[in-house]
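A quick write-up on the structure given underneath.
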Protein chains: 2
Amino acid sequence: MNEPTRIQRRNRDAILEAGLTVFSQYGFRGTTLDQIATEASLSKPNVLYYFASKEAIYIALLEGLLDTWLDPLRTLDADGDALHELMSYVTRKLEMSRDFPRESRLFANEILQGAPHIHGALTGELKSLVDEKAAVIEAWAAAGRIRPVDPHHLVFSIWAMTQHYADFDVQVQAVLGGRDPYPGALAHVTMLFERLLTPD
Amino acid sequence: MNEPTRIQRRNRDAILEAGLTVFSQYGFRGTTLDQIATEASLSKPNVLYYFASKEAIYIALLEGLLDTWLDPLRTLDADGDALHELMSYVTRKLEMSRDFPRESRLFANEILQGAPHIHGALTGELKSLVDEKAAVIEAWAAAGRIRPVDPHHLVFSIWAMTQHYADFDVQVQAVLGGRDPYPGALAHVTMLFERLLTPD
DNA sequence: TTGGTATTTGACCAATCGGTCAAAGACACG
DNA sequence: CGTGTCTTTGACCGATTGGTCAAATACCAA
């Protein structure tokens, strides 16, 4: 009914932004409303004026994020150049890990805890999207545009290798001694998948 | 001084076992002593009779695990056959993900939360071990035994792709519709790294 | 300025948190 | 048996949790 006020929009955004920061680090159960309120520079009752509960903030974040997160895969074009499409996907996923690490960690936390809030989306939207794109990849392989690979496990590989740099950032930084991982990561991951997928 | 009683050993083990189950799912902050006590079939004060605090259980788990977890990498033999050594490492890591998923998730949770309890081990033990093995891998590449790769990012790739099957198990299961991931995963990951590393 | 609405907050609540403690119960050994 | 130690637990503690509510304040259109 009512248009959201300027204040409403600003505070809702601040709460979601704060929630993203805190939830992505401590997970749903490890996060407190006080942390979110402090991070958003609001009082706790004020946070609950905009969201009915802690869970409501969490759900709002997950729902808003799932589409964005799956978008690069959705973009995969069956009519495009097979290798180029897949390499663009890899690159875009890695850039998203670099530019939106909190989003990556939020999902990682949710999955680690058994995905209690998005299990339906995983077996529904996610599965059907992956199955659809797996068929595309299989067709490319059958046509000899890329080397034959198990398409589902190929997708898992891409997810694993790109999101690793966001989810395990602390470890990566520790091992690399603080050097920026991304230039090297981009070169390595690109080379890896090119070698895997380029037909002989 | 004192040998641990039979009862002591049994209950300490039960607590660590329960802690592993619960901590690996909910992380340190998301886990309660009551959960651990219930899972271990003990009363809460009884748990605290064996460990001084919740954190003491967590630390005991992490310390006991770090060595085991890094062991496959430590095994990498500079004098062995380069490709065979690396492929054995990949295989063993994947088997560990399959056989000890809770251990993998415990580390994942700790890292996601910024590794507050093991940051020292990451920049110390872990970094020097990886640096040492990276030198070995680089020497292999220089000798033409494997294709040239950035050794640090190669290690990240192996970690990412193997631990993904434990850490994101719920997602993998959802996408695969409940089929056992591991036969396919083993074939795919093996093939991927063989293709990456085999010299022309 | 006024009045109505939207926003903010201090005080408070029951439930749960990690942890303590004294006392009860189980156990081993003479 | 008895006795000293090891183990277990119910009751309890202060702090923190997610959440409520009435009252205070800020905002805005007439």
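Chain letters run A, B, ... following the sequence lines, proteins first, then strands; residues in each count from 1. Only heavy atoms go into these numbers, but all of them, side chains included; no hydrogens, no water, no symmetry mates.
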Tabulate below the donor-acceptor pairs under 3.5 Å that side-chain atoms of residues 112-123 of chain A make, not counting sequence neighbours, or state none.
from     : atom 1 : to       : atom 2 : distance (Å)
A/His117 : ND1    : A/Glu110 : OE1    : 3.4
A/His117 : NE2    : A/Glu55  : OE2    : 3.1
A/Thr123 : OG1    : A/His119 : O      : 3.3
A/Thr123 : OG1    : A/Gly120 : O      : 3.3

Output a table of donor-acceptor pairs, distance under 3.5 Å, between side-chain atoms of residues 10-18 of chain B and any protein atom two or more places apart or on a different chain; print 'none' if there are none.
from    : atom 1 : to       : atom 2 : distance (Å)
B/Asn11 : ND2    : B/Tyr50  : OH     : 3.0
B/Glu17 : OE2    : B/Arg102 : NH1    : 3.0
B/Glu17 : OE2    : B/Arg102 : NH2    : 3.1

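For B/Arg179, there are no salt bridge (Lys or Arg N to Asp or Glu O under 4.0 Å) partners at least two apart in sequence or on another chain. Partners of A/His164 according to the side-chain hydrogen bond (donor to acceptor under 3.5 Å, both in side chains) rule, which considers only residues two or more places apart in sequence or in another chain, do not exist here. Partners of B/Gln35 by side-chain contact (heavy atoms from CB on, under 4.5 Å), not counting sequence neighbours, listed by chain and number: A/Arg29, B/Val22, B/Tyr26, B/Thr31, B/Thr32. Looking at residues two or more places apart in sequence or on another chain, you find a side-chain contact (heavy atoms from CB on, under 4.5 Å) between B/Asp77 and B/Asp79, B/Glu85. Not counting sequence neighbours, A/Arg74 has no partner by the side-chain hydrogen bond (donor to acceptor under 3.5 Å, both in side chains) test.
Taking the side chain of A/Lys44 as heavy atoms from C-beta on, and the options C/dT8, D/dA11, D/dG18, the nearest nucleotide is D/dG18. Distance from the side chain of A/Pro45 is smallest to C/dT9 among C/dT9, C/dA6, C/dC21.
At a threshold of 4.5 Å between non-hydrogen side-chain atoms, the residues B/Leu192 and A/Val149 do not count as touching.
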Protein N or O to nucleotides 25-30 of chain C N or O, pairs below 3.5 Å:
from   : atom 1 : to     : atom 2 : distance (Å)
C/dA28 : OP1    : B/Arg6 : NH2    : 3.0

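In this entry the distance linking CG of B/Asn46 with C1' of C/dG18 reads 16 Å, nearest Å.
Going from atom CG of A/Leu83 over to atom CD of A/Glu194 covers 6.0 Å, rounded to the nearest 0.5 Å.
Residue A/Asn11 has no polar side-chain atom (N or O) positioned under 4.0 Å from OP1 or OP2 of C/dA6. The side chain of B/Tyr49 places an N or O atom within less than 4.0 Å of a non-bridging phosphate oxygen (OP1 or OP2) of D/dT7. Phosphate proximity of D/dT7 to B/Gln8: present, with a side-chain N or O under 4.0 Å from OP1 or OP2.
Residue order along DNA chain C, read from the 5' end via each residue's closest nucleotide, puts A/Leu42 first among A/Leu42 and B/Leu48.
Within the structure, the side-chain hydrogen bond (donor to acceptor under 3.5 Å, both in side chains) test picks out the following pairs touching residues 153-162 of chain B (sequence neighbours left out): A/Tyr165-B/His153, A/His188-B/Ser157, B/Tyr89-B/Trp159.
At distances below 3.5 Å, at least one donor-acceptor pair connects side-chain atoms of A/Lys133 with backbone N or O atoms of A/Leu76. Looking only at distances, no side-chain donor or acceptor of B/Trp69 sits under 3.5 Å from a matching main-chain atom of B/Gly64.
At a non-hydrogen distance threshold of 4.0 Å, nothing from residues 12-23 of chain A comes into contact with DNA chain D. Contacts between residues 29-39 of chain A and DNA chain D, counted as heavy-atom distances below 4.0 Å, involve A/Thr31, A/Thr32, A/Leu33, A/Asp34. Remark: nothing in residues 54-63 of chain A comes within less than 4.0 Å of DNA chain C through any heavy atom.
Here the closest non-hydrogen pair linking B/Ala60 and B/Phe51 is CB-CE2, 4.0 Å.
Heavy atoms of A/Tyr50 sit under 4.0 angstrom from primed sugar atoms or phosphate atoms, though from no base atom.
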